[in-house]
Novice: 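This is the structure, below, for whatever I ask next.
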There are 2 protein chains.
Amino acid sequence: MQNQQVLTKNQKIVLDIIEKSSQPLKAYSILFDVKKKGINAPLQVYRALDKLVEIGKIHKIESRNAFIACKNSKCQITKATVFSICENCEDVKEIHDHKLSEHLKHYKDNKGMKYSKYNLEFFGLCKNCIKN
Amino acid sequence: MQNQQVLTKNQKIVLDIIEKSSQPLKAYSILFDVKKKGINAPLQVYRALDKLVEIGKIHKIESRNAFIACKNSKCQITKATVFSICENCEDVKEIHDHKLSEHLKHYKDNKGMKYSKYNLEFFGLCKNCIKN
DNA sequence: TAATATTTGTTATAATATAACACTATGTAA
DNA sequence: TTACATAGTGTTATATTATAACAAATATTA
Ligand SMILES: [Zn+2]
Ligand SMILES: [Zn+2]
Ligand SMILES: [Zn+2]
Ligand SMILES: [Zn+2]
(Lines give C-alpha, C1' and ligand atoms only; values in the text may rest on other atoms or scores of the structure.)
(Ligands and ions follow the chains in the order given, each with its own letter.)
Protein backbone atom coordinates (compact mmCIF):
# COMPACT_ATOMS: atom_id res chain seq x y z
CA MET A 1 0.00 0.00 0.00
CA GLN A 2 1.38 3.31 -1.08
CA ASN A 3 1.03 5.20 2.16
CA GLN A 4 2.99 2.61 4.07
CA GLN A 5 6.06 2.78 1.93
CA VAL A 6 9.47 3.34 3.41
CA LEU A 7 10.62 6.91 3.40
CA THR A 8 14.13 8.02 2.59
CA LYS A 9 16.26 10.05 4.96
CA ASN A 10 15.38 13.45 3.54
CA GLN A 11 11.72 12.56 3.28
CA LYS A 12 11.71 11.52 6.93
CA ILE A 13 13.42 14.71 8.05
CA VAL A 14 10.96 16.89 6.17
CA LEU A 15 7.91 14.91 7.20
CA ASP A 16 9.03 14.97 10.80
CA ILE A 17 9.19 18.73 10.93
CA ILE A 18 5.81 19.13 9.23
CA GLU A 19 4.18 16.63 11.56
CA LYS A 20 5.49 18.49 14.57
CA SER A 21 3.77 21.67 13.44
CA SER A 22 0.06 22.12 13.90
CA GLN A 23 0.06 24.76 11.24
CA PRO A 24 1.17 24.70 7.59
CA LEU A 25 4.84 25.31 6.92
CA LYS A 26 6.38 26.95 3.90
CA ALA A 27 9.13 25.31 1.92
CA TYR A 28 11.82 27.83 2.77
CA SER A 29 10.92 27.84 6.44
CA ILE A 30 11.28 24.07 6.38
CA LEU A 31 14.61 24.50 4.63
CA PHE A 32 15.78 26.85 7.34
CA ASP A 33 14.79 24.36 10.04
CA VAL A 34 16.41 21.33 8.46
CA LYS A 35 19.76 22.90 7.67
CA LYS A 36 21.09 21.57 10.94
CA LYS A 37 20.19 18.09 9.74
CA GLY A 38 22.28 18.36 6.62
CA ILE A 39 19.71 19.48 4.08
CA ASN A 40 21.21 22.48 2.33
CA ALA A 41 19.28 23.29 -0.81
CA PRO A 42 15.67 24.12 -1.78
CA LEU A 43 15.53 21.22 -4.20
CA GLN A 44 16.16 18.72 -1.46
CA VAL A 45 13.15 20.08 0.39
CA TYR A 46 10.94 20.35 -2.66
CA ARG A 47 11.74 16.84 -3.75
CA ALA A 48 10.79 15.49 -0.37
CA LEU A 49 7.63 17.60 -0.34
CA ASP A 50 6.63 16.34 -3.78
CA LYS A 51 6.99 12.76 -2.70
CA LEU A 52 5.17 13.27 0.59
CA VAL A 53 2.28 14.96 -1.20
CA GLU A 54 2.20 12.15 -3.74
CA ILE A 55 1.86 9.46 -1.10
CA GLY A 56 -0.62 11.50 0.91
CA LYS A 57 1.46 12.08 4.03
CA ILE A 58 1.09 15.81 3.65
CA HIS A 59 -1.13 18.21 1.74
CA LYS A 60 -0.35 21.47 0.05
CA ILE A 61 -2.53 24.42 0.98
CA GLU A 62 -2.61 25.86 -2.50
CA SER A 63 -3.77 29.34 -1.58
CA ARG A 64 -0.92 29.67 0.91
CA ASN A 65 1.92 27.75 -0.72
CA ALA A 66 2.30 25.83 2.48
CA PHE A 67 2.32 22.22 3.58
CA ILE A 68 0.49 20.48 6.40
CA ALA A 69 0.56 16.92 7.67
CA CYS A 70 -2.44 14.72 7.06
CA LYS A 71 -3.87 12.91 10.02
CA ASN A 72 -6.60 11.08 8.18
CA SER A 73 -5.83 7.81 6.47
CA LYS A 74 -8.69 8.15 4.01
CA CYS A 75 -7.62 11.22 2.07
CA GLN A 76 -4.29 9.58 1.45
CA ILE A 77 -6.08 7.32 -0.92
CA THR A 78 -8.72 9.54 -2.42
CA LYS A 79 -6.71 12.76 -2.77
CA ALA A 80 -9.73 14.53 -1.48
CA THR A 81 -8.90 17.48 0.71
CA VAL A 82 -10.93 20.11 2.53
CA PHE A 83 -9.45 22.92 4.59
CA SER A 84 -10.74 25.79 6.64
CA ILE A 85 -8.57 28.86 6.70
CA CYS A 86 -8.91 31.85 8.99
CA GLU A 87 -8.11 34.96 6.99
CA ASN A 88 -7.20 36.88 10.10
CA CYS A 89 -4.88 34.60 12.08
CA GLU A 90 -4.13 32.19 9.20
CA ASP A 91 -5.08 29.21 11.31
CA VAL A 92 -5.61 26.21 9.04
CA LYS A 93 -7.45 23.02 9.81
CA GLU A 94 -8.17 20.00 7.69
CA ILE A 95 -11.85 19.16 7.66
CA HIS A 96 -12.95 15.56 7.71
CA ASP A 97 -16.64 15.51 7.02
CA HIS A 98 -17.91 12.28 5.67
CA LYS A 99 -21.12 13.67 4.19
CA LEU A 100 -19.32 16.53 2.47
CA SER A 101 -16.59 14.32 1.07
CA GLU A 102 -19.07 11.76 -0.22
CA HIS A 103 -20.97 14.56 -1.90
CA LEU A 104 -17.83 15.86 -3.58
CA LYS A 105 -16.39 12.47 -4.40
CA HIS A 106 -19.44 11.58 -6.41
CA TYR A 107 -19.83 14.93 -8.04
CA LYS A 108 -20.36 14.80 -11.80
CA ASP A 109 -20.44 17.80 -14.07
CA ASN A 110 -22.17 17.78 -17.42
CA LYS A 111 -18.95 17.99 -19.41
CA GLY A 112 -17.99 14.37 -19.24
CA MET A 113 -14.95 14.98 -17.11
CA LYS A 114 -13.59 12.20 -14.94
CA TYR A 115 -12.41 13.50 -11.58
CA SER A 116 -9.76 11.77 -9.57
CA LYS A 117 -9.02 14.48 -7.02
CA TYR A 118 -10.33 17.66 -5.51
CA ASN A 119 -9.25 20.39 -3.16
CA LEU A 120 -11.65 22.64 -1.29
CA GLU A 121 -10.58 25.63 0.77
CA PHE A 122 -13.02 27.51 2.99
CA PHE A 123 -12.06 31.02 4.07
CA GLY A 124 -13.44 33.03 6.93
CA LEU A 125 -12.89 33.91 10.54
CA CYS A 126 -12.22 31.41 13.27
CA LYS A 127 -14.01 31.45 16.60
CA ASN A 128 -11.21 33.37 18.28
CA CYS A 129 -10.95 36.03 15.61
CA ILE A 130 -14.69 36.62 15.57
CA LYS A 131 -14.61 37.47 19.27
CA ASN A 132 -11.74 39.93 18.94
CA MET B 1 -22.83 47.84 -6.55
CA GLN B 2 -19.23 46.77 -6.36
CA ASN B 3 -19.00 44.78 -9.53
CA GLN B 4 -20.31 47.64 -11.63
CA GLN B 5 -17.67 50.09 -10.58
CA VAL B 6 -15.62 51.98 -13.10
CA LEU B 7 -12.30 50.43 -13.91
CA THR B 8 -9.10 52.36 -14.38
CA LYS B 9 -7.00 52.24 -17.51
CA ASN B 10 -4.65 49.49 -16.34
CA GLN B 11 -7.48 47.45 -14.87
CA LYS B 12 -9.33 47.61 -18.19
CA ILE B 13 -6.27 46.59 -20.18
CA VAL B 14 -5.62 43.59 -17.95
CA LEU B 15 -9.26 42.55 -17.76
CA ASP B 16 -9.59 42.83 -21.51
CA ILE B 17 -6.80 40.40 -22.18
CA ILE B 18 -8.07 37.92 -19.62
CA GLU B 19 -11.59 38.07 -20.99
CA LYS B 20 -10.35 37.38 -24.49
CA SER B 21 -8.73 34.15 -23.32
CA SER B 22 -10.82 31.07 -22.72
CA GLN B 23 -8.07 29.67 -20.53
CA PRO B 24 -6.36 31.01 -17.42
CA LEU B 25 -3.45 33.37 -17.97
CA LYS B 26 -0.38 33.81 -15.79
CA ALA B 27 0.71 37.20 -14.54
CA TYR B 28 3.93 37.35 -16.48
CA SER B 29 2.29 36.19 -19.68
CA ILE B 30 -0.24 38.99 -19.21
CA LEU B 31 2.65 41.37 -18.62
CA PHE B 32 4.28 40.29 -21.86
CA ASP B 33 1.04 40.87 -23.77
CA VAL B 34 0.29 44.29 -22.34
CA LYS B 35 3.74 45.79 -22.82
CA LYS B 36 2.61 47.25 -26.12
CA LYS B 37 -0.13 49.06 -24.26
CA GLY B 38 2.27 50.83 -21.94
CA ILE B 39 2.29 48.54 -18.92
CA ASN B 40 5.91 47.85 -18.12
CA ALA B 41 6.25 46.32 -14.70
CA PRO B 42 4.95 43.26 -12.83
CA LEU B 43 3.48 45.42 -10.11
CA GLN B 44 1.18 47.18 -12.53
CA VAL B 45 -0.20 43.84 -13.58
CA TYR B 46 -0.44 42.44 -10.07
CA ARG B 47 -2.23 45.54 -8.79
CA ALA B 48 -4.79 45.29 -11.55
CA LEU B 49 -5.19 41.57 -10.91
CA ASP B 50 -5.71 42.13 -7.18
CA LYS B 51 -8.45 44.64 -7.82
CA LEU B 52 -10.15 42.53 -10.47
CA VAL B 53 -10.15 39.53 -8.14
CA GLU B 54 -11.49 41.69 -5.33
CA ILE B 55 -14.46 42.89 -7.37
CA GLY B 56 -15.08 39.46 -8.79
CA LYS B 57 -14.34 40.15 -12.45
CA ILE B 58 -11.70 37.44 -12.47
CA HIS B 59 -10.74 34.48 -10.31
CA LYS B 60 -7.37 33.10 -9.41
CA ILE B 61 -6.84 29.39 -10.03
CA GLU B 62 -4.78 28.83 -6.92
CA SER B 63 -3.24 25.54 -7.90
CA ARG B 64 -2.01 27.04 -11.16
CA ASN B 65 -1.16 30.62 -10.21
CA ALA B 66 -3.30 31.78 -13.09
CA PHE B 67 -6.26 34.05 -13.64
CA ILE B 68 -9.50 33.49 -15.52
CA ALA B 69 -12.43 35.77 -16.26
CA CYS B 70 -15.70 35.14 -14.47
CA LYS B 71 -18.80 34.90 -16.60
CA ASN B 72 -21.24 34.39 -13.80
CA SER B 73 -22.64 37.37 -11.95
CA LYS B 74 -23.40 35.39 -8.81
CA CYS B 75 -19.93 34.39 -7.71
CA GLN B 76 -18.90 38.01 -7.90
CA ILE B 77 -20.90 38.50 -4.79
CA THR B 78 -20.46 35.31 -2.91
CA LYS B 79 -16.78 34.67 -3.64
CA ALA B 80 -17.73 31.10 -4.17
CA THR B 81 -15.74 29.43 -6.89
CA VAL B 82 -15.61 25.95 -8.34
CA PHE B 83 -13.29 24.87 -11.12
CA SER B 84 -12.61 21.72 -13.07
CA ILE B 85 -9.04 21.24 -14.20
CA CYS B 86 -7.76 18.66 -16.65
CA GLU B 87 -4.41 17.44 -15.44
CA ASN B 88 -3.39 16.37 -18.90
CA CYS B 89 -4.22 19.32 -21.16
CA GLU B 90 -4.64 21.89 -18.36
CA ASP B 91 -8.04 22.92 -19.64
CA VAL B 92 -9.86 24.85 -16.93
CA LYS B 93 -13.57 25.53 -16.67
CA GLU B 94 -15.56 27.33 -14.03
CA ILE B 95 -18.44 25.21 -12.78
CA HIS B 96 -21.74 26.83 -11.99
CA ASP B 97 -23.82 24.26 -10.21
CA HIS B 98 -26.57 25.68 -8.11
CA LYS B 99 -27.06 22.62 -5.96
CA LEU B 100 -23.36 22.26 -5.27
CA SER B 101 -22.86 25.91 -4.45
CA GLU B 102 -25.86 26.01 -2.12
CA HIS B 103 -24.49 22.97 -0.37
CA LEU B 104 -21.08 24.62 0.10
CA LYS B 105 -22.42 28.04 0.90
CA HIS B 106 -24.34 26.69 3.84
CA TYR B 107 -21.64 24.39 5.04
CA LYS B 108 -20.91 24.60 8.74
CA ASP B 109 -18.11 22.86 10.51
CA ASN B 110 -18.14 22.05 14.21
CA LYS B 111 -15.40 24.54 15.07
CA GLY B 112 -17.53 27.66 15.11
CA MET B 113 -15.86 29.17 12.09
CA LYS B 114 -17.72 31.69 10.01
CA TYR B 115 -17.05 31.24 6.30
CA SER B 116 -17.31 34.05 3.82
CA LYS B 117 -15.66 32.42 0.84
CA TYR B 118 -14.61 29.14 -0.62
CA ASN B 119 -12.66 27.76 -3.54
CA LEU B 120 -13.06 24.25 -4.88
CA GLU B 121 -10.84 22.75 -7.56
CA PHE B 122 -11.63 19.41 -9.15
CA PHE B 123 -8.83 17.61 -10.95
CA GLY B 124 -9.07 14.86 -13.49
CA LEU B 125 -9.19 14.17 -17.19
CA CYS B 126 -11.44 15.96 -19.63
CA LYS B 127 -13.51 14.16 -22.24
CA ASN B 128 -10.89 14.68 -24.93
CA CYS B 129 -7.99 13.48 -22.85
CA ILE B 130 -9.84 10.35 -21.74
CA LYS B 131 -10.30 9.32 -25.37
CA ASN B 132 -6.65 9.81 -26.31
C1' DT C 1 27.06 -9.74 -10.77
C1' DA C 2 25.10 -6.26 -14.04
C1' DA C 3 21.35 -3.56 -15.25
C1' DT C 4 17.82 -0.38 -13.78
C1' DA C 5 15.63 2.94 -11.28
C1' DT C 6 15.54 6.18 -7.57
C1' DT C 7 17.50 9.40 -4.64
C1' DT C 8 21.01 12.70 -3.53
C1' DG C 9 23.96 16.87 -3.61
C1' DT C 10 25.08 20.86 -5.97
C1' DT C 11 25.04 25.15 -8.70
C1' DA C 12 22.52 28.02 -11.22
C1' DT C 13 18.38 30.07 -12.70
C1' DA C 14 13.37 30.60 -13.61
C1' DA C 15 8.88 32.01 -12.15
C1' DT C 16 5.89 34.30 -9.00
C1' DA C 17 5.04 38.18 -6.02
C1' DT C 18 5.81 42.30 -2.95
C1' DA C 19 8.27 46.59 -0.58
C1' DA C 20 9.12 51.27 -0.78
C1' DC C 21 8.67 55.78 -2.48
C1' DA C 22 7.52 59.73 -5.15
C1' DC C 23 3.97 61.21 -7.91
C1' DT C 24 -0.85 61.79 -10.17
C1' DA C 25 -5.75 61.59 -10.57
C1' DT C 26 -10.26 61.65 -8.47
C1' DG C 27 -13.74 62.41 -5.22
C1' DT C 28 -15.60 64.87 -1.03
C1' DA C 29 -16.39 68.50 1.98
C1' DA C 30 -15.33 72.75 4.18
C1' DT D 1 -12.10 77.27 -4.57
C1' DT D 2 -9.08 75.05 -1.45
C1' DA D 3 -7.93 71.42 1.46
C1' DC D 4 -7.98 66.81 2.47
C1' DA D 5 -8.55 61.92 1.80
C1' DT D 6 -8.47 57.92 -1.12
C1' DA D 7 -7.06 55.24 -4.81
C1' DG D 8 -4.16 54.46 -8.63
C1' DT D 9 0.42 55.01 -11.20
C1' DG D 10 5.30 54.39 -12.52
C1' DT D 11 9.57 52.87 -11.14
C1' DT D 12 13.49 50.39 -9.08
C1' DA D 13 14.78 47.01 -6.28
C1' DT D 14 14.09 42.83 -3.91
C1' DA D 15 11.71 38.87 -1.76
C1' DT D 16 9.59 34.45 -2.26
C1' DT D 17 8.54 30.21 -4.50
C1' DA D 18 10.02 26.64 -7.56
C1' DT D 19 12.63 24.08 -11.26
C1' DA D 20 16.60 22.73 -14.74
C1' DA D 21 20.62 20.23 -15.43
C1' DC D 22 24.08 17.05 -14.29
C1' DA D 23 27.11 14.05 -11.83
C1' DA D 24 27.49 10.95 -7.94
C1' DA D 25 25.58 7.74 -4.65
C1' DT D 26 22.22 4.32 -3.25
C1' DA D 27 18.75 0.93 -3.57
C1' DT D 28 16.04 -2.65 -6.40
C1' DT D 29 15.68 -6.46 -9.55
C1' DA D 30 16.97 -9.87 -12.45
ZN1 LIG E 1 -5.68 14.65 4.76
ZN1 LIG F 1 -8.43 33.31 13.37
ZN1 LIG G 1 -17.06 33.16 -11.30
ZN1 LIG H 1 -7.75 17.46 -21.13
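Order of the sequence lines sets the chain letters (A, B, ...), proteins ahead of strands, with each chain counted from 1. For the numbers below, each heavy atom of this structure counts, side chains included, while hydrogens, waters and symmetry mates do not.
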Novice: Can you pull out how bent the helix from C:dT1-D:dA30 to C:dA30-D:dT1 is, comparing the axes over its first five and last five pairs, to 10°?
Specialist: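 It works out to 40° between the end axes.
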Novice: Where the side chain of B:Arg47 is concerned, which of D:dG8, C:dT10, C:dA20 is the nearest nucleotide?
Specialist: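 Of the options given, the side chain of B:Arg47 lies nearest C:dA20.
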Novice: For DNA chain D, whose closest nucleotide is more 5', that of B:Thr8 or that of A:Tyr46?
Specialist: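 Taking each residue's closest nucleotide, the earlier one in sequence belongs to B:Thr8.
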Novice: Within the supplied structure, the quantity of interest is the number of heavy atoms (other residues, nucleotides, ligands) at a distance under 6.0 Å from A:Lys99 NZ; does it exceed 12?
Specialist: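 Check fails, neighbour count at 12 or below.
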Novice: Which label fits A:His103 and B:His103: parallel for a plane angle under 30°, tilted from 30 to 60°, or perpendicular past 60°?
Specialist: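 Judged by the thresholds at 30° and 60°, the geometry between A:His103 and B:His103 is parallel.
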Novice: What do you reckon, are the aromatic ring centroids of A:Tyr115 and B:Phe123 less than 6.0 Å apart?
Specialist: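 No, they do not, as the ring centres are separated by 6.0 Å or more.
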Novice: Name every residue in residues 23-45 of chain B that has at least one heavy atom under 4.0 Å from any atom of DNA chain C, in order of residue number, or write none if there are no such residues.
Specialist: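 Contacts with DNA chain C under 4.0 Å: B:Lys26, B:Tyr28, B:Leu43.
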Novice: Centres of the A:Phe122 and A:Phe83 rings: under 6.0 Å?
Specialist: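 That pair fails the under 6.0 Å test.
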Novice: Take atom NZ of A:Lys37 as the centre, draw a 6.0 Å sphere, and report whether it contains more than 12 heavy atoms from other residues, nucleotides or ligands.
Specialist: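 It does not: A:Lys37 NZ has 12 such atoms or fewer within range.
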Novice: Do you see a donor-acceptor pair shorter than 3.5 Å between the side chains of A:Asn119 and A:Glu62?
Specialist: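 Per modelled atom types, A:Asn119 and A:Glu62 side chains form no pair under 3.5 Å.
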Novice: Starting at CG of B:Asp50 and ending at P of D:dT9, how long is that distance when rounded to a whole Å?
Specialist: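 Result: 12 Å.
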Novice: Between P on D:dT6 and CD on B:Glu54, what's the gap in Å once rounded to a whole number?
Specialist: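 Spelled out: CD on B:Glu54 to P on D:dT6 is 16 Å.
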Novice: Check B:Glu94 against B:Ala69 and note the closest heavy-atom contact, atom names and distance.
Specialist: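 Heavy atoms only, the tightest pair is OE1-O, 4.3 Å.
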Novice: Give a yes or no on whether a salt bridge exists between B:Lys35 and B:Asp33, defined as a side-chain N under 4.0 angstrom from a carboxylate O.
Specialist: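 Salt bridge flag = no for B:Asp33 with B:Lys35.
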